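This report refers to the structure that appears directly beneath it.
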Amino acid sequence: MTGVEVGIIVFPPDNKPYSFGHPNVNETINKYVCEERPPSPSSSGIDDKYVQMFRKANSITLITQLNTLQDQLDFAFNLKSKLKEKNKNLESQQEWFRGPIEKMNNTEASMLKEGLEDLLLKLKNYGTERGYGYENGKWKAE
């Protein structure tokens, strides 16, 4: 009825874009990207050359923005997969303390000792902040 041609491109998470348009999206996009366009009957009184230049400039800007967003999205997905992999590796490395204490090696025993000393220091500070003192292995109200 109005002569409007619409093209819609959808980018779902599975990275397979879908396009919808009349008659199809490629023809609609080509009208804005290509050098030459047929004259439009609805643009009487306006120099069609300048309209084409404006549309081409807009489409180039939009394509650049789309490519930038796609690059950012790809980077984020790549970073997400790397972080998941590092998290898996970290979790597997932190499981050593679940085994029997007799099977610990020197490095693991040192890590356990440092962790317990750090925990004791945090407990002392926590108690001191709340009005308790810690002497000779016992808590005392101050």
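Basis for what follows: all heavy atoms, side chains included, without hydrogens, waters or symmetry-related copies. Computed from a predicted model, the values in this text were never measured in an experiment.
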### Query
For the atom pair CG (L66) and OG1 (T61), what is the distance rounded to the nearest 0.5 Å?
12.5 Å
#### Entry: Test item: E108 side-chain N/O and N105 main-chain N/O as donor-acceptor pair under 3.5 Å
yes
### Message
So, taking the atom named CG in L123 and the one named CG in D118, what distance separates them when rounded to the nearest 0.5 Å?
### Response
10.0 Å
### Residues L69, Q72; criterion side chain to side chain contact (heavy atoms under 4.5 Å, CB included); working and verdict
CA-CA 5 Å; L69 289 173; Q72 290 174 353; 3.6 Å; yes
### Query
Just how far is it from atom NZ of K82 to atom CZ of F75, taken to the nearest 0.5 Å?
7.5 Å
### Message
For the CG atom on N78, are there more than 12 heavy atoms of other groups (residues, nucleotides or ligands in this structure) within a distance under 6.0 Å?
### Response
yes
### Message
Just verifying a value: how many Å separate L79 CG and K86 NZ, rounded to the nearest 0.5 Å?
### Response
9.0 Å
### Task
Could you tell me whether the side chains of D74 and Q70 share a donor-acceptor contact shorter than 3.5 Å?
yes
### Separation between OG of S81 and NZ of K84, rounded to the nearest 0.5 Å
8.5 Å
### Task
To the nearest 0.5 angstrom, please state how far the CG atom of L116 sits from the CG atom of L121.
12.5 Å
